[in-house]
Peer 1: 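Have a look at this one.
Computed from heavy atoms alone, side chains included, the values below leave out hydrogens, waters and symmetry copies. Every chain is numbered from 1, with letters handed out A, B, ... down the list of sequences. Note that the coordinates shown come from a computational prediction; the quantities given were computed from them, not determined experimentally.
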There are 2 protein chains.
Amino acid sequence: MMEQNKIPQATAKRLPLYYRFINNLNHQGKKRVSSKELSDAVKVDSATIRRDFSYFGALGKKGYGYNVEYLLEFFRKTLDQDETTEVALIGVGNLGTAFLHYNFMKNNNIAIKMAFDSNPEKVGTMVSDVPVYHIEELEDRLGDIKVAILTIPGSEAQPMADHLVNRGVEGILNFTPARITVPKHIRVHHIDLAVELQALVYFLKHYPLITEDEEEEVPMD
Amino acid sequence: MMEQNKIPQATAKRLPLYYRFINNLNHQGKKRVSSKELSDAVKVDSATIRRDFSYFGALGKKGYGYNVEYLLEFFRKTLDQDETTEVALIGVGNLGTAFLHYNFMKNNNIAIKMAFDSNPEKVGTMVSDVPVYHIEELEDRLGDIKVAILTIPGSEAQPMADHLVNRGVEGILNFTPARITVPKHIRVHHIDLAVELQALVYFLKHYPLITEDEEEEVPMD
DNA sequence: ATATAATTGTGAACTAAGTCACGACTTATT
DNA sequence: AATAAGTCGTGACTTAGTTCACAATTATAT
């Protein structure tokens, strides 16, 4: 479980990104890749990429770069791509539906196993092969799913989070504007669309723009 | 434009969050608030909140806390809540539609002015009072909009970004999995749903869980 | 009045993340 | 074989962000 827990969180967040691009390269039949090439593709400084990889040991060869197949195999294991992670989606609105249509299996080996909604028109339907149950059924249907995506109105976020935690959920991806309170052993990631948009607007208005012919790089989030 | 550009990016990203909660407090008729109370609500350490506020000067009073009305007024100005920011949305799929239904005016004074799609069934309709135009019309319709939300398939992200930049867009909120390349003076924020989900799964599996009776805090996001 | 409790603002310390720059090694070239 | 070019891994440094902890101030209670 915590074999290599020295990996910085910032690094861990980049791993899925690396994985996806290495996967692409592999499909393109590429055999080797340098940190510089990867850097151009994922827009992360090449030294940062080398540092990130180095937390897992010496994955590359000096003067050569990284072997794509080896890297892919390594990250597949590291990211637990062997066992599919099942998640539940709570709230089949537009945002929830967007998730249901997204194919997380291809690159991430994550499957949305079921969805819940309170709207009787949606209950009983299938969206992208995912069954939609009534929220009342959560108790019975959830099984041992440990991860939930919350795409419901903010006002319902806290009670729903409480319910999920009681039911054994350990990780919540919260798309509601509400900042939910959970026991310490539960992990919550907030993605707040309004905050993201407003932050972008704020940066645009308040941070110096760098004109095209200057050398400096703009940090890309 | 860059009056107070000493504000750390991490702080800037929290401002919209603070603003929203202070707004809520104001609606509830609350007159004063402490950094501790705010901390409980937004799940940010109270010292961090005080530090964040302090970049803007002494907004509070020792032994008292912060005056809600004053704080709200201050942040309204700071976040440019006076002039509405107009944005365009590219791609009226489920995710795009979710954005169109979101009311950014209420707390953020941001308005999605128009949307674009290539699907003739959608072109010409209104979604939440926002007109949907054909992508071909972008040239003529965009006007002087500076911010775009990209909710299209990844394969179309780069050409569309190029197009937007040519048309004068300076900020892009990119929801596609593609990491787009833009001139240095353009700001791009990536929100990659698959990465977010997989990162959550990774943290759950690899980071030590803290049991309920231990003291330590788990970093939240 | 006086004492007690609450709370800010911030210097200093700490922690996390990012970048530089170079020795060591690999591959390609002549 | 020798040289040149390419590339990693990493120690040292830099930058960014967070948290501690406390003097100063304000509010509240007695």
Peer 1: Find the distance A/K36:NZ to D/dA5:C1' and express it as a whole number of Å.
Peer 2: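 Going from A/K36 (NZ) to D/dA5 (C1'), I get 16 Å.
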Peer 1: Could you run down nucleotides 10-21 of chain D 5' to 3' and tag each one B, S or - for protein heavy-atom contact under 4.0 Å?
Peer 2: BBB----SSB-B
Peer 1: Assign the ring pair A/Y207 / A/F203 to parallel, tilted or perpendicular, where the plane angle (0 to 90°) is split at 30° and 60°.
Peer 2: perpendicular
Peer 1: Under a 4.5 Å cut-off applied to non-hydrogen side-chain atoms, are A/V147 and B/L204 in contact?
Peer 2: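 A side-chain contact exists here, since the closest heavy-atom pair is under 4.5 Å.
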Peer 1: Output yes when at least one side-chain N/O atom of A/S35 is less than 4.0 Å from OP1 or OP2 of D/dT7, else no.
Peer 2: no
Peer 1: For A/E86, what residues pass the side-chain hydrogen bond (donor to acceptor under 3.5 Å, both in side chains) criterion, not counting sequence neighbours?
Peer 2: A/K113
Peer 1: Checking A/F21 now: which residues fulfil ring pair (Phe, Tyr, Trp, His ring centres under 6.0 Å) with it, not counting sequence neighbours?
Peer 2: none
Peer 1: Going by ring pair (Phe, Tyr, Trp, His ring centres under 6.0 Å), name the pairs with one or both residues in residues 80-105 of chain A, residues two or more places apart or in two chains.
Peer 2: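 The answer is A/F99-A/F104, A/F99-A/F175, A/Y102-A/F104.
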Peer 1: List the residues meeting salt bridge (Lys or Arg N to Asp or Glu O under 4.0 Å) with B/R51, not counting sequence neighbours, and say none if there are none.
Peer 2: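 Per chain and number, B/R51 pairs via salt bridge (Lys or Arg N to Asp or Glu O under 4.0 Å) with no residue.
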Peer 1: Expressed in angstrom and rounded to an integer, what is the separation of A/E37 atom CD from D/dG6 atom C1'?
Peer 2: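 Atom-to-atom, A/E37 to D/dG6, this comes out as 11 Å.
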Peer 1: Please determine which of B/Y66, B/Y70, B/F74, B/Y18 meets the ring-ring contact (aromatic ring centres under 6.0 Å, His included) test together with B/F56.
Peer 2: B/F74
Peer 1: Rounded to whole angstrom units, what separation is found between the CG atom of B/N67 and the P atom of D/dT26?
Peer 2: 15 Å
Peer 1: Could you state the atom-to-atom distance from CG of B/L59 to C1' of D/dT25 in whole Å?
Peer 2: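 About 16 Å, once rounded to whole Å.
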Peer 1: Expressed as a whole number of angstroms, how long is the span from A/I49:CD1 to C/dC20:P?
Peer 2: 14 Å
Peer 1: Please work out if A/Y66 contacts a base, only the sugar-phosphate, or nothing of the nucleic acid, heavy-atom cut-off 4.0 Å.
Peer 2: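 Here A/Y66 touches the backbone only, sparing every base.
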Peer 1: Okay, side chain of B/E170, backbone of B/H185: is any donor-acceptor separation there less than 3.5 Å?
Peer 2: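 The answer is no, because no donor-acceptor pair under 3.5 Å joins these two groups.
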Peer 1: Below 3.5 Å is the cut-off: list the nitrogen or oxygen pairs between protein and nucleotides 26-30 of chain C, distance only.
Peer 2:
from: C/dT26; atom 1: O4'; to: A/K62; atom 2: O; distance (Å): 2.6

